[in-house]
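First comes the structure, then the notes that go with it.
All heavy atoms count here, side chains included; hydrogens, waters and symmetry mates do not. All values derive from a computational prediction rather than experimental measurement.
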Amino acid sequence: PEGFDSWTPVCDAYETAQALVLCLELPGLGLDDIELKLEGDELAVRGERLTEPGQSGERYHRVERSFGRFERRFPLHAAVDRGAARASYRNGVLRVELPTTGRKQPAGVRVEIE
């Protein structure tokens, strides 16, 4: 749900002959701030970007960066091999690779981020 304390990271999604690939921009987050899970026929990405603590006497003139909780859900139109799902996080970009198969897999598998 969107609100004052939420933001929506942008995502590129594409498919190759072997996999569905998603790349999300998550600058300022650490691995512990991101949850990545295959739930039913969807990929769920959740997390939170916290505001940086200010110092006494600071007066902001402009605040354009977004902070707060986020959740993005991506429907999986193709059957994916949940056991072979891979994810990496480098330079603020989360890359998820979901190898495609011809059969459905069990739901509710957590994907570890390297």
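No side-chain heavy atom of Leu94 sits under 4.5 Å from any side-chain heavy atom of Leu29. You'll find the side chain of Glu97 reaches within 4.5 Å of the side chain of Val21, heavy atoms only.
More than 12 heavy atoms of other residues, nucleotides or ligands shown are found within 6.0 angstrom of CZ on Arg72. In the displayed structure, Arg73 atom CZ is contacted under 6.0 Å by more than 12 heavy atoms of other residues, nucleotides or ligands.
A distance of 6.0 Å separates CZ in Phe70 from CD1 in Ile34, rounded to the nearest 0.5 Å. The distance from atom CZ of Arg86 to atom CG of Leu98, rounded to the nearest 0.5 Å, is 10.0 Å. With rounding to the nearest 0.5 angstrom, the CG atom of Asn91 is 12.5 Å from the CG atom of Leu26.
For the residue pair Ile113 and Ser88, the shortest heavy atom distance occurs at CG2-C, 4.2 Å. Nearest heavy-atom pair, Leu22 versus Leu20, reported as atom, atom and distance to 0.1 Å: CD1-CG, 4.1 Å. Between Trp7 and Phe67, the shortest heavy-atom distance links the atoms CD1-C, 3.6 Å. Contact record, Pro9 with Leu24: CG-CD2, 4.4 Å, taken as the closest heavy-atom pair. Of all heavy-atom pairs spanning Pro75 and Glu42, the tightest one is CA-CG, 4.2 Å.
Partners of Arg90 under the salt bridge (charged side-chain N to carboxylate O under 4.0 Å, His left out) rule, at least two apart in sequence or in another chain, do not exist in this structure.
A salt bridge between Arg69 and Glu71 is absent, with no side-chain N of the basic residue lying under 4.0 Å from a carboxylate O of the acidic one.
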What donor-acceptor contacts under 3.5 angstrom involve side-chain atoms of residues 11-19, with partners at least two apart or in another chain?
from, atom 1, to, atom 2, distance (Å)
Tyr14, OH, Arg95, NH2, 3.4
Thr16, OG1, Gln18, N, 3.2
Thr16, OG1, Ala19, N, 3.0
Thr16, OG1, Ala19, O, 3.3

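By the criterion of side-chain heavy atoms lying less than 4.5 angstrom apart, applied directly or through intervening Ile, Leu, Val, Met, Phe, Trp or Tyr residues, Leu38 is grouped together with Leu31 in one hydrophobic cluster.
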